[in-house]
Amino acid sequence: MDTASVTDLLQRERATTLAQQEQLRRDLDEIIAAAADVATDDEHDPEGPTIAYERARIQALLDQSQAHLDEIGTAFARLEAGSYETCDKCGRQIGLERLRARPAVRTCIACASG
């Protein structure tokens, strides 16, 4: 895989993740605003999840997306260092299809499943 196509793939992955983060932040802001407007006890609402649960769920998704952005940053550094296609665990080459499917991956399929 050439450097330009990897760079493009990683940049698209970063843009998608940043867009997801932005949507999650808007969702979280809406939940916080809705909680401020309502004086009900949502902890005992039989109709659905609690506000606290929804806040925690969205925060967990935000944390996951930040971790993914960190992985993308590491992938850019590996690309620059010339080790992008090399498995961090065994040192063998990571399969091209795996890299296309998960551009920030750091291990080959054998090490990931073992």
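Keep in mind that this is a model prediction, so the values were computed, not measured.
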Donor-acceptor pair, side chain of Y84 and main chain of A77, under 3.5 angstrom: no
Presence of salt bridge, D8 and R12, under 4.0 angstrom: yes
Heavy atoms of other groups near Q23 CD, more than 12 under 6.0 Å: yes
Given Q64, R26, Q66, the one that forms side chain to side chain donor-acceptor pair (under 3.5 Å) with Q21: Q66
Heavy-atom closest contact (A75 atom, P103 atom, distance): CB-O, 4.0 Å
Under 3.5 Å: donor-acceptor pair, side chain of R100, backbone of G95: no
Heavy-atom check, side chain of L99 versus side chain of V105, under 4.5 Å: yes
Test item: T7 and Q11 side chains (from C-beta on) under 4.5 Å apart, heavy atoms: yes
Interatomic spacing from CD in Q20 to CG in L62 - rounded to 0.5 Å: 10.5 Å
Flag, side chain of R78 to backbone of A104, donor-acceptor distance under 3.5 Å: no
Crowding at CZ, R102 (>12 non-hydrogen neighbours, <6.0 Å): no
Polar side-chain atom of T74 near backbone of D70 as donor-acceptor pair, under 3.5 Å: yes
Minimum side-chain heavy-atom gap R55-I51 below 4.5 Å: yes
